[in-house]
Amino acid sequence: MKIAVIGTGYVGLVTGACFAEVGIDVTCVDIDAKKIASLEQGVIPIYEPGLNEIVSRNVSKNRLSFSTELAKVIPGCDVVFIAVGTPPGEDGSADLKYVLAVAREIGRSMCDYLVVVTKSTVPVGTAKKVKSSIEEELKLRDSTLTFDIASNPEFLKEGAAIEDFLKPDRIIIGVESEEAEDVMRKLYKPFLLNGHPIIFMDVPSAEMTKYAANSMLATKISFMNDIANLCEIMGADVNMVRRGIGSDSRIGNKFIYPGIGYGGSCFPKDVKALIKTAAEHGYDMQVLKSVESVNEFQKSVMFNKIKRHFNGELSGKVVALWGLSFKPKTDDMREAPSLVIIEKLLEAGAQVKAYDPVAMKEAQHIIGDRIEYVHDEYEALIDADALMVVTEWPEFRSPNFQVVGKLLKNKVIFDGRNIYDAKELQELGFAYQGIGVHEVVPIIETTN
Ligand SMILES: NC(=O)c1ccc[n+]([C@@H]2O[C@H](COP(=O)([O-])OP(=O)(O)OC[C@H]3O[C@@H](n4cnc5c(N)ncnc54)[C@H](O)[C@@H]3O)[C@@H](O)[C@H]2O)c1
Ligand SMILES: O=c1ccn([C@@H]2O[C@H](COP(=O)(O)OP(=O)(O)O[C@H]3O[C@H](CO)[C@@H](O)[C@H](O)[C@H]3O)[C@@H](O)[C@H]2O)c(=O)[nH]1
């Protein structure tokens, strides 16, 4: 089988590399010539664990190649995946201009039966628009060529993208014809051999499944953040409550970790887009609106705590930030809660010294030199008045607290991810504040 994947971002590149890994002949296409040149030289433009290895292995086996020329790649392909971005437009709706531009190009260049698959996250009705765009182009060519559309939303998580793609919980495919179903089943057969379920459905349901899944996960997070804030007021410990409710199999223990709000390129944009889609059809998504407002509030929680700790005066204070990316194991800074926290700290007159294992370059593109970037987590602490943990990178989980205490001016930790044990830190002489847990003040001296 021969396939093309259009768009070589997080989703397109992972999709292409993983299909090549099971023996399929894949060409990844992008309009960004710099990106393609870099990939051809073996340089992966994003940080994603394992991606480098899987790409180079499949390139060397001649199963994976790159191109900027969609028109040359399409002829001879059995399936084309559209995996370009669908960023939020000004009104929050998904901007489909990249998806539909690709659809038109496919219509202009196809020369045999083809299954055109939307892998990008797109609102219900988009596959239909893709179909119309291709039909219009074929008509302009006086062509009688036939094709099918399919919707195959992607559920991978950044930082675990390869694993998620190769071992998916489920594969969702929306189709309109038996022929397309057969092609898609054949394409995904290598994944099904490992027992991963494939669920075929109609196209609108497949498109909606993606938004419903992300919205449900975002809802779990906002709900837990709300509970965490209430725990704090009522003197309960959200870590205990989380374990207590997570052991109920109807609730489950995943995606119920409170923190500083969800970020990334998906939850914020997809929740917004679903609210917008509903509004356009006269329906009010009340739950999701609250999910959004809790999330906005949550991004300020740690800032409010640090401000209170220093009696409302942050001017001249130096804050060490551990982590910048929206989650560990990625350099993606899209909608990272760190951006909100940094703006608030700078506005209040504080200085910020930040360390992130991989996202500092990306962060610098967005924030510039308004904060200081340092070489490791301990350097960030030198002369800092407080430490704030923003991203739960594994290397931050068990630091040498003796060294942390010596380097900080004040032994104060604000833990936005609840990765530390309040009691242990208290015994070591730290003041500690997490999310939805008791604030502790040190048993022994705070300052060095
Ligand atoms: N990032 C994720 O974790 C994730 C997971 C599941 C689904 N999604 C969805 O998948 C889609 C892609 O997301 P992403 O994060 O990979 O985006 P991205 O921004 O990382 O990559 C998109 C790529 O598409 C390319 N592109 C744009 N127009 C093009 C065209 N006409 N021809 C060829 N290439 C073109 C861009 O140059 C870019 O390289 C979005 O709809 C997103 O919501 C993302
Ligand atoms: O219990 C939790 C779990 C996650 N988060 C936050 O939620 C955000 C998103 O995390 P995650 O879902 O792990 O990362 P993404 O790569 O954004 O993946 C989501 O978005 C993708 C794009 O649509 C989907 O494909 C995935 O299934 C979906 O998990 C991050 O800011 C996390 O810190 C929490 O605060 N608490």
Side-chain angles (χ1 to χ4, degrees), residues 4-16 28-36 38-39 45-46 48 67-71 73 80-88 94-106 118-123 126 152-161 164-165 168-170 172 210-211 213-218 220-225 228 242 246 252-271 273 295 298-299 323 325-330 332-338 390-392 416-418 435:
V5 181
I6 319 301
T8 57
Y10 287 87
V11 169
L13 192 53
V14 170
T15 300
C28 285
V29 178
D30 207 290
I31 38 164
D32 185 339
K34 252 168 99 184
K35 217 177 223 186
I36 293 298
S38 150
L39 285 165
I46 50 171
E48 182 59 46
S67 174
T68 51
E69 294 178 280
L70 189 146
V73 172
V80 180
F81 283 92
I82 304 178
V84 297
T86 48
D95 187 344
L96 298 178
K97 67 170 179 271
Y98 304 111
V99 171
L100 297 178
V102 172
R104 291 208 169 270
E105 266 203 84
I106 293 171
T118 45
K119 187 150 248 338
S120 302
T121 301
V122 289
T126 303
N152 171 215
E154 180 49 56
F155 298 96
L156 64 79
K157 300 183 291 299
E158 290 179 19
D164 285 349
F165 197 97
D169 284 346
R170 78 308 204 183
I172 300 289
K210 174 66 195 178
Y211 282 98
N214 273 3
S215 298
M216 170 67 97
L217 294 170
K220 287 180 92 172
I221 297 167
S222 275
F223 175 79
M224 278 314 282
N225 283 331
R242 175 178 54 75
N253 55 18
K254 291 182 181 163
F255 275 75
I256 54 171
Y257 286 78
I260 50 173
Y262 59 76
S265 68
C266 294
F267 287 173
K269 123 177 131 55
D270 295 346
V271 168
N295 199 53
Q298 203 64 18
K299 293 182 202 167
S325 55
F326 80 97
K327 62 180 276 189
K329 297 188 187 172
T330 181
D332 201 340
M333 286 294 297
R334 289 180 280 184
E335 300 274 345
S338 65
V390 173
T391 317
E392 68 279 29
R417 301 292 185 171
N418 285 0
I435 301 274

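Keep in mind it's a predicted model, so treat the numbers as computed, not measured. Counting convention: from 1, in listed order, for ligands and their atoms alike.
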note = Closest to atom 40 (C) of ligand 1 (heavy atoms only, candidates Ile31, Val99, Thr86) is Thr86

task = Examine the proximity of ligand 2 to Glu154 and report which part, side chain or backbone, both or neither, has a heavy atom under 4.0 Å away.
result = backbone

Which segment of Leu156 sits under 4.0 Å of ligand 1 when only heavy atoms are counted = both

key: Pairwise distance NZ(Lys35) to CG(Asp30) - rounded to 0.5 angstrom   = 5.0 Å

message = For ligand 2, which is the ligand I care about here, please tell me if Gly263 has any N or O atom under 3.5 Å from one of the ligand's N or O atoms.
response = yes

request  = Measure the distance from atom 14 (P) of ligand 1 to every protein heavy atom, then report the residue, atom name and distance (to 0.1 Å) of the closest one.
outcome  = Tyr10 N, 4.0 Å

query = Are any of the N or O atoms of Cys266 closer than 3.5 Å to those of ligand 2?
reply = no

query = Is the closest side-chain heavy-atom distance between Pro337 and Asn295 below 4.5 Å?
reply = no

query = Does Leu70 reach the side chain of Val102, with side-chain heavy atoms less than 4.5 Å apart?
reply = yes

query = Where is the nearest protein heavy atom to atom 8 (N) of ligand 1: which residue, which atom, and how far?
reply = Val11 CG2, 3.4 Å

task = Tell me, please, whether Phe155 has Arg170 positioned over its six-membered ring: NZ or CZ under 6.0 Å from the ring centre and within 45 degrees of its axis?
result = yes

query = Measuring from Asn152:CG to Ile172:CD1, what's the distance to the nearest 0.5 Å?
reply = 9.0 Å

query = Is the backbone N or O of Ser120 less than 3.5 Å from a side-chain atom of Thr86, with the two atoms forming a donor-acceptor pair by type?
reply = no

task = Just let me know how Lys327 lines up against ligand 2, side chain, backbone, both or neither, with a heavy-atom cut-off below 4.0 Å.
result = side chain

task = Give the residue and atom name of whichever protein heavy atom lies nearest to atom 16 (O) of ligand 2, and the separation in Å to one decimal.
result = Glu158 N, 2.8 Å

note = among protein heavy atoms, the one nearest atom 23 (C) of ligand 1 is Asp30 OD2, 3.7 Å

query = Which bit of Ala83 is near ligand 1, meaning a heavy atom under 4.0 Å away: side chain, backbone, both or neither?
reply = backbone

message = Looking at Glu154, is its backbone amide N or carbonyl O close enough to the side chain of Lys210 to form a donor-acceptor pair, meaning the two atoms are under 3.5 Å apart?
response = yes

message = Please check: side-chain N/O of Asp164 versus main-chain N/O of Lys157, any donor-acceptor pairing under 3.5 Å?
response = yes

task = Pick one of side chain, backbone, both or neither for how Ile260 approaches ligand 2, counting any non-hydrogen atom pair under 4.0 Å.
result = neither

ask   = Is the side chain of Thr15 donor-acceptor paired with the backbone N or O of Val11 at a distance under 3.5 Å, no angle test?
value = yes

ask   = Does Lys210 come within less than 4.0 angstrom of ligand 1, counting non-hydrogen atoms of the residue?
value = yes

key: Residue, atom name and distance, where the atom is the protein heavy atom closest to atom 43 (O) of ligand 1   = Lys269 NZ, 2.6 Å

request  = Could you see which bit of Leu156 sits under 4.0 Å from ligand 2, with heavy atoms only: side chain, backbone, both or neither?
outcome  = backbone

inquiry  = Give me the nearest non-hydrogen protein atom to atom 22 (C) of ligand 1 as residue plus atom name, then the distance to 0.1 Å.
reply    = Gly85 N, 3.6 Å

request  = Using a 4.0 Å heavy-atom cut-off, say whether Ala101 meets ligand 1 through its side chain, its backbone, both or neither.
outcome  = neither

key: Top protein contact for atom 3 (C) of ligand 2, by heavy-atom distance   = Phe255 CD2, 3.4 Å

message = So, regarding Thr121 and ligand 2 (criterion: nitrogen or oxygen to nitrogen or oxygen, under 3.5 Å), is there a contact or not?
response = no

key: Minimum-distance protein heavy atom relative to atom 26 (N) of ligand 1   = Val84 CG1, 3.6 Å

message = I need the nearest protein heavy-atom contact for atom 29 (O) of ligand 2: residue, atom name and distance, please.
response = Lys157 CG, 3.5 Å

request  = Determine the minimum heavy-atom distance between Ala4 and Val73, stating which atoms define it.
outcome  = CB-CG1, 3.7 Å

query = Can an N or O of Glu392 be found at a distance shorter than 3.5 Å from an N or O of ligand 2?
reply = no

Under-4.0 Å salt bridge between Lys97 and Asp95 = yes

message = At less than 4.0 angstrom from any non-hydrogen atom of Lys210, what atoms of ligand 2 do you find?
response = 22 (C), 23 (O), 24 (C), 25 (O)

request  = Looking only at protein heavy atoms, identify the closest one to atom 1 (O) of ligand 2 and say how far it is in Å.
outcome  = Tyr257 N, 2.9 Å

inquiry  = Just so I know, are the side chains of Val14 and Leu156 near enough to count as touching, which here means a heavy-atom distance under 4.5 Å?
reply    = yes

request  = Look at atom 19 (C) of ligand 2 and say which protein heavy atom is nearest, naming residue and atom and giving the distance to 0.1 Å.
outcome  = Phe267 CE2, 3.5 Å

query = Under 3.5 Å between some N or O of ligand 2 and some N or O of Gly264?
reply = no

ask   = Between Thr121 and Lys269, is any pair of side-chain heavy atoms under 4.5 Å apart?
value = yes

task = Answer yes or no: is there a donor N or O on one side and an acceptor on the other, between the side chain of Ser215 and the main chain of Tyr211, under 3.5 Å?
result = yes

query = What's the shortest distance from atom 21 (O) of ligand 1 to any protein heavy atom, and which residue and atom give it?
reply = Gly9 CA, 3.2 Å

ask   = Judging by distance only, is a nitrogen or oxygen of Phe326 under 3.5 angstrom from one on ligand 2?
value = yes

query = Lys97 near ligand 1, heavy-atom distance under 4.0 Å?
reply = no

ask   = Is a donor on one side and an acceptor on the other found under 3.5 Å between the side chain of Glu158 and the backbone of Asp332?
value = no

task = Mark yes or no for whether Ser67, through its side chain, and Glu69, through its backbone, hold a donor-acceptor pair below 3.5 Å.
result = yes

query = Do the numbers put Arg417 on top of the ring of Tyr257, so that NZ or CZ is under 6.0 Å from the six-membered ring centre and no more than 45° off the axis?
reply = no

inquiry  = Contact between ligand 2 and Lys220 is defined here as a heavy atom of the residue under 4.0 Å from a ligand atom; is it met?
reply    = no

Short N-O contact, Lys329 and Glu392, less than 4.0 angstrom = no

note = atom 33 (O) of ligand 2 sits nearest the protein heavy atom Arg417 NH1, 2.9 Å

query = Between Tyr262 and ligand 2, does any nitrogen or oxygen pair lie at a separation below 3.5 Å?
reply = no

message = Side chain, backbone, both or neither: which applies to Glu48 and ligand 1 if a contact is any heavy-atom pair less than 4.0 Å apart?
response = neither

task = For atom 1 (N) of ligand 1, grab the closest protein heavy atom and report residue, atom and distance to one decimal in Å.
result = Glu158 OE2, 2.8 Å

ask   = Below 4.5 Å, heavy atoms only, C-beta onward: do Phe255 and Ile221 meet side chain to side chain?
value = yes

ask   = Quick one: nearest non-hydrogen protein atom to atom 5 (N) of ligand 2, plus distance?
value = Ile221 CD1, 3.4 Å

